[in-house]
Protein chains: 2
Amino acid sequence: MTVRIEDVARLSGVSTATVSRALRGLPGVGGRTRELVLQAAKALGYTPSPTASSLASGRTHSIGLIQPDMSRWFFSTILECAEQTFRKAGYDALVYSLPDYLGPKRQRFKARDLVGKVDAVLVLSLFFDKQEEAELRSLGVPAVFVSVRQKGYSHVGIDDGQAAAQACRHLITLGHKTIGHLSGQTNDLCPFAPSQRRRDGWKQTLTRFNLECSDSLDEAVTIMTASNGYLATKRLLDRRPDITAIMASSDEMAMGAIQAIRERGLAVGRDISVIGIDGHDLGRPFGLTTVAQPVRKQGVTAAEVALKAIEGDLALKTIIFPTTLIERATVGPPPAGRIR
Amino acid sequence: MTVRIEDVARLSGVSTATVSRALRGLPGVGGRTRELVLQAAKALGYTPSPTASSLASGRTHSIGLIQPDMSRWFFSTILECAEQTFRKAGYDALVYSLPDYLGPKRQRFKARDLVGKVDAVLVLSLFFDKQEEAELRSLGVPAVFVSVRQKGYSHVGIDDGQAAAQACRHLITLGHKTIGHLSGQTNDLCPFAPSQRRRDGWKQTLTRFNLECSDSLDEAVTIMTASNGYLATKRLLDRRPDITAIMASSDEMAMGAIQAIRERGLAVGRDISVIGIDGHDLGRPFGLTTVAQPVRKQGVTAAEVALKAIEGDLALKTIIFPTTLIERATVGPPPAGRIR
DNA sequence: CTGAAAGCGCTTACAG
DNA sequence: CTGAAAGCGCTTACAG
């Protein structure tokens, strides 16, 4: 019932080998022969069985996209762009989530689920420990890491420390002296996470400007969601009512901070300034000042690096994109009465 | 180099047929034999080749997830939940986007890209025309539609008309009489889209209460993003400065509306109320009043329906989830001076 | 430029 | 309960 390569071969009067070569545009097929085959295939509505072709060739034409949780904006945006890039190149995108809903602990990556199913892998925002890295290696396909650096692999991302510094400098330039920080919690599975680097950026910048950066100004959460940012901000404001600005490690946390500040009857951008990092799509309606990273570009680029690796270009690449300060309404000078 | 079923057979001293049966837990294998096989497989670290097993069995153990654009919150949340549900059942999720960035026109669905790759398909928020439906049918696998109803297929969603009515009634109860609407544009590919039904809900409810629902109160956009909501609201306010409330067809549009209203120096929830539909994660920090739909449940349920269909339960199901009014800060009574 | 044939690594009637 | 063997539908040296 379904048409096979043999049917095409019969109709065009050649062997299946020739059909295979002709259809894939391989060299060494006569012009006239190719024509014939193409016509026959079209007439029969032939589509090669991807699974048979995978078994025979050892290539799956699909890519694994591994990430913590694709429902969050940053991940889904990267995935979207990567998927489109892969599809244009004839590859399918197989998504694989390792959720961390409950906090820093997440499920371990098991290569077993992906072995023999993908030609390459993209890993987003996940640091792999020794064991997971061994699993990854056992897949035997190239991998590129996005957001998190992993030794021995290509990497696409931003300079998280710089991004944080950029955010802090903006606040400092406006006159802020007591700057709180909402950070992502360090966790054992991911000691070099972006959140960690962003915290370092905050600390180093405040230190450089001789400003306070004690632990009491830093409030850490497990995952960097708006609701965690909200709760963290309430704690932070209870502890340090003297802060005039908050630098959130992500835009979503910044949005939660805004909610908490407003609930106290304070005006965001006047009583307390808030700056985020990421460049979230919804930052604009929020009026959120932020340091934006080029998310879509990272998705496309990471996919391109993976594609090149599949084609044999295994050279390790590190591609760091610049970030951009976007000034909107949530940051202003500190309120006159509260400058020390 | 990679271990095959034959290696396991040899080590355990049985045939490959027995290994295959034992490993898959099929009946008709001796207890002791099964033991032996399991041990051998474990000792060798055997993982069956998914592509070989697919070719032989005709089942791929993966599901196609077709949607417009997975970077948007609603889609990515559904995908996330569906993927997790599928993975637990031993299925991979193959995502397939048909972007509509530029407006209502999108790429047509081509079955060719998916044929032989999936055991079932989930379609989100996409209406398939005759031609696409034929393509889908040619895939020869069960499909379930989420958000959009498609004749002849199982469907998981909400009652969009009711959701809109619920939102309108809330505004009317508070005393609003001139209620604008931000709607998603009807497009030829998708005449029965949720946005269309939501608009109908708005119209019918206002009519029932003898309130104005002329076209000048309705502002349609191509895709329902925050920035389109922002622009639409500006046009709406220019044309109808007398409105006291806006019902947006999606939360993202509502967020854009809030931005536009604030830019005019008006207070959201006092001068102009705004209500959305969806229950977006970021509605809370926005203080957005909305009619929420259970997004995660829909994702899980749709996946379960697909899984059952794969197992032979082809009965058509229609599962409609209730929506819930969530009162927050963007809706209040109309300003006293402006009630007619 | 083209074909015959082996091989990819499983699963599944069919026999016993 | 178990095995021999065909078959799934391609691709790829190898010969010519």
Side-chain angles (χ1 to χ4, degrees), chain A residues 1-38 40-41 44-62 90 92 112 114-119 140-141, chain B residues 1-38 40-41 44-62 90 92 112 114-119 140-141:
Chain A
M1 103 126 260
T2 150
V3 21
R4 298 146 306 151
I5 196 172
E6 209 183 309
D7 303 316
V8 181
R10 197 174 310 127
L11 181 59
S12 44
V14 298
S15 71
T16 61
T18 298
V19 173
S20 176
R21 288 188 281 248
L23 256 31
R24 284 179 300 148
L26 295 187
V29 177
R32 168 127 187 74
T33 308
R34 193 182 297 272
E35 274 296 282
L36 246 50
V37 171
L38 258 14
L44 295 172
Y46 172 66
T47 308
S49 155
T51 147
S53 125
S54 292
L55 181 57
S57 71
R59 304 189 52 182
T60 63
H61 280 274
S62 76
D92 291 312
R112 165 173 291 259
L114 249 37
V115 61
K117 293 179 182 172
V118 294
D119 293 338
V141 300
Chain B
M1 107 125 255
T2 150
V3 21
R4 298 148 306 153
I5 197 171
E6 208 184 309
D7 303 316
V8 181
R10 198 176 306 130
L11 181 60
S12 44
V14 298
S15 70
T16 59
T18 299
V19 172
S20 175
R21 288 188 280 249
L23 257 29
R24 284 179 300 149
L26 295 187
V29 179
R32 170 126 187 73
T33 309
R34 194 182 297 271
E35 274 297 282
L36 246 50
V37 171
L38 257 14
L44 295 173
Y46 172 66
T47 307
S49 155
T51 145
S53 125
S54 291
L55 180 58
S57 70
R59 303 188 52 182
T60 63
H61 280 276
S62 75
D92 292 312
R112 166 173 290 257
L114 250 37
V115 61
K117 294 178 180 172
V118 295
D119 293 338
V141 300

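In what follows, chains carry the letters A, B, and so on, assigned in the order in which the sequence lines appear, proteins first and then strands, with residues in each chain numbered from 1. The basis for the numbers below is simple: all heavy atoms, side chains too, and nothing from hydrogens, waters or symmetry mates.
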Q: Could you tell me which nucleotide pairs with C:dT2 by Watson-Crick or G-U wobble geometry, both distances under 3.5 Å, or answer none if nothing does?
A: D:dA15
Q. Do A:L36 and A:V14 come close enough that some side-chain heavy atom pair is under 4.5 Å?
A. no
Q.
Measuring from atom CG of B:D92 to atom CG of B:D119, what distance do you get when rounded to the nearest 0.5 angstrom?
A. 10.0 Å
Q) Rounded to the nearest 0.5 Å, how far does OG of A:S20 lie from CG of A:L26? A) 6.5 Å
Q) Quick one: on DNA chain C, does B:S54 or A:A56 contact a more 5' nucleotide (nearest heavy atom)? A) A:A56
Q | Option among B:L23, B:D7, B:T2 that satisfies the side-chain contact (heavy atoms from CB on, under 4.5 Å) test with B:Y46 | A | B:L23
Q. Nucleotide range of DNA chain C contacted by chain A, 5' to 3', under 4.0 Å to a heavy atom?
A. C:dC1 to C:dG9
Q. Rounded to the nearest 0.5 Å, how far apart are OG1 of B:T16 and CZ of B:R21?
A. 9.0 Å
Q | Toward the 5' end of DNA chain D, by each residue's nearest nucleotide, B:S57 or A:S20 | A | B:S57
Q: Quick one: pull up CG in B:L44 and CZ in B:R4 and give me the separation to the nearest 0.5 Å.
A: 11.0 Å
Q) If you look at every strand shown and take non-hydrogen atoms under 4.0 Å, does A:G30 touch a base, only sugar-phosphate, or nothing? A) sugar-phosphate
